[in-house]
**Student:** 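Have a look at this one before I ask anything.
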There are 2 protein chains.
Amino acid sequence: MTTSTTRTKRGKGRDKAAPARPTQKDIALAAGVSQAAVSLVLNKTETPSVPSATRTRIIEVAEGLGYRPNHPARMLRSARTMTFACVIPDITNPFYPGLVRGLQAVAAPAGYDVLIFDTDGRPEREARAIDWLLQGRADGVVATFFHLRVPQLAVLARKGIPLVRLESRHKPDGPLAIDSVYIDNAEAAAEMTRLLIARGHRRIAMIQAEFGPSQRRAQGYSAVMREAGLSPDFVTDSAYSEESGARAMNRLLERRGERPTAVFGASDVLALGAMEAARNAGLSIPGDIAIAGFDDIPVAKLLGLTTVRQPEFDLGALAAETLVRRLQPGGLGSPGKSRELKFEIMKRSSV
Amino acid sequence: MTTSTTRTKRGKGRDKAAPARPTQKDIALAAGVSQAAVSLVLNKTETPSVPSATRTRIIEVAEGLGYRPNHPARMLRSARTMTFACVIPDITNPFYPGLVRGLQAVAAPAGYDVLIFDTDGRPEREARAIDWLLQGRADGVVATFFHLRVPQLAVLARKGIPLVRLESRHKPDGPLAIDSVYIDNAEAAAEMTRLLIARGHRRIAMIQAEFGPSQRRAQGYSAVMREAGLSPDFVTDSAYSEESGARAMNRLLERRGERPTAVFGASDVLALGAMEAARNAGLSIPGDIAIAGFDDIPVAKLLGLTTVRQPEFDLGALAAETLVRRLQPGGLGSPGKSRELKFEIMKRSSV
DNA sequence: TTCGCTTAGTTATACGTATTACTAAAGCAA
DNA sequence: TTGCTTTAGTAATACGTATAACTAAGCGAA
């Protein structure tokens, strides 16, 4: 609008002051060598066919022009994106940022970046994620799928894209390059349920979500309840969100007859929502009602929530390690493994 | 399979039946047309030179083979990555996931993905981010830099990569494609300080971090304090983390002489750390000490933290819109604009 | 002299796509 | 018949890189 020169950024326009991104060709031209020589020097630490004088000259010219390798071109040529995709329901759920950092911690030193894809736990978004991955945007994937199962995921492995699933239980080895990392969700939930029973609770309800890891947690809870001669009591809401948790808790509180004395949220976010709803209803925690969660997101500590600790960072790091190994030559051949990390019961003040 | 012409063309023929990702060439071969025809049909909605019979055949073959366009090749050819980079200190800070979702909400419908780069607020990581962006990995950037200033960032704009900064105040228009979105951090901090004074506090300390938006917030606080004839009282720690907040609070509590009656954390995360330290020291909030924060991260509500609301999602969405507009033809020419969103004081129970 | 070896590179090609420029064949009018 | 238009495509090229295959010059040895 003002006095601005219409600058053509790149293209055959070739005007002098246009600071386009210089390519190896530009360096070659400026240094009086071929493009191949430039590529050689810039990529190999030892170049038998290029003497150090030329080497130095090329490097100096490259620095002088501010050369940066063109990533897309590299990807195309080498069929490697040097990117991991992280497919998760929602980065806003405080469980996942820690996982992502774990991923990054291992991926970055190995030269990989991390791309995030949110599915919102919806089947069509999960399908879109697969489609998107098949476009060669990532060399490997770490993912939590609520809906897709191995048959739908196998296509990735078949196209040479290893996948590490964040799972809720041990998976039998499979022939494809689909691995998993997990903590034993059923056992963890079982142990938490035992704790609640040991504290004297008999009417214990579980707030669960429709899909995802909540199912496995529900199994552990159910098993222990029945073992103790108590009847499982589920309230199901749609998502892993505070709103869902609060809604579920309100449904519990509206019940006529005997209310539960303890509520086990299938995830911390659900438990926190439940906690707030309980407080809003004038109940004290754990006096009037005990609340337990699952995940141990960072705020759980601040709020004194008794919960199951999932080592999110370590899970991410382990997943990344698995991918890095898979992507080494010949790594795709071995059978899919399931690797376990240990959970921990964090006893705080909400139970 | 039916026709045994499935050949492995990538990977030097190691695997036997490896179903490589089919390319346009493969489709062309199978459909008896040229690669150009395939590209035409698959990309244009109207193809005057390809009759609908051929069109249909090509599309069917493409679907039959499970064709997915190769993203790197597209990027190279079209010089468009269809990716936005989001450069932030730490995705683990609960302020940022919401920002990312706002970004995604606008970016995705426009066809852009979002890549996350964590800097940890360290200068060398920020420099690495720039370097990394210059490799043509993203078409546009949304970023929070603690250390880099316009001179160092200008290189992006000069190479045709628009940048939207998440800022703490209005920036004068500049000639480059560097925009910013912000809330008026100084005024917000000023207003919060006024609230604390209005509640009767006279000894009000601020916990701040060494770099980043904390500085601007400190200015607003200082101004109001001095205006009221009170002296500003800073405790500085390194990062925007709970540990830093707790450490700073402990330093305040260890002071001999008169303790502050209110503590203003330059960010919610700092305030939460301070809150925990205060509780651990046996103080009640707000009875013994009032605590205020800045950001309004999701847990602030759960913990009853009085704080300044930054519309994180909207900031992200606005940033993305700005980028999308910049990337439309001719969008890079206009001067860099600074766009403001409104903050809100969230009065809860910690003050 | 010829042969072989080393040095210092260069040339050529491929990755998969998008796009521009071109063309062969058919149809039709004059 | 020629000339022109339409139809239905194809061939060629470029994007920037990595790498395999090649070469020209110089030198020493047989």
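Quick note on labels: first sequence line is chain A, next is B, and so on, each numbered from 1.
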**Student:** At under 4.0 Å between heavy atoms, what does A/S78 touch on the DNA or RNA strands: base, sugar-phosphate, or nothing?
**Tutor:** nothing
**Student:** With distance as the sole criterion, do the side chain of A/T23 and the base of D/dG16 form a donor-acceptor contact below 3.5 Å?
**Tutor:** no
**Student:** Between the base of C/dG9 and the side chain of A/S49, is there a donor-acceptor distance below 3.5 Å?
**Tutor:** yes
**Student:** Separation of A/L40 atom CG from C/dT11 atom P, in whole Å?
**Tutor:** 14 Å
**Student:** Kindly indicate whether the side chain of B/Q24 and the base of C/dA18 share any N or O donor-acceptor pair separated by less than 3.5 Å?
**Tutor:** no
**Student:** Between C/dT19 atom C1' and B/L76 atom CG, what is the distance in whole Å?
**Tutor:** 14 Å
**Student:** Within the 3.5 Å criterion, strictly below it, is a donor on A/T81 or A/D139 matched to an acceptor on the partner's side chain?
**Tutor:** yes
**Student:** State which residue, out of A/R326, A/K337, A/R165, fulfils the salt bridge (charged side-chain N to carboxylate O under 4.0 Å, His left out) condition with A/D179.
**Tutor:** A/R326
**Student:** Mind checking if A/S39 touches a base, just sugar-phosphate, or nothing, with heavy atoms under 4.0 Å?
**Tutor:** base
**Student:** The side chain of B/A36 lies closest to which of these nucleotides: D/dT19, D/dC15, D/dA11?
**Tutor:** D/dA11
**Student:** B/P48 near the nucleic acid: base, sugar-phosphate alone, or nothing, with a heavy-atom cut-off under 4.0 Å?
**Tutor:** nothing
**Student:** Quick test of your reading of the model: are A/R101 and B/D120 salt-bridged, counting only N-O distances below 4.0 Å?
**Tutor:** yes
**Student:** Could you state the CE-P distance from A/M82 to D/dT17, rounded to the nearest angstrom?
**Tutor:** 17 Å
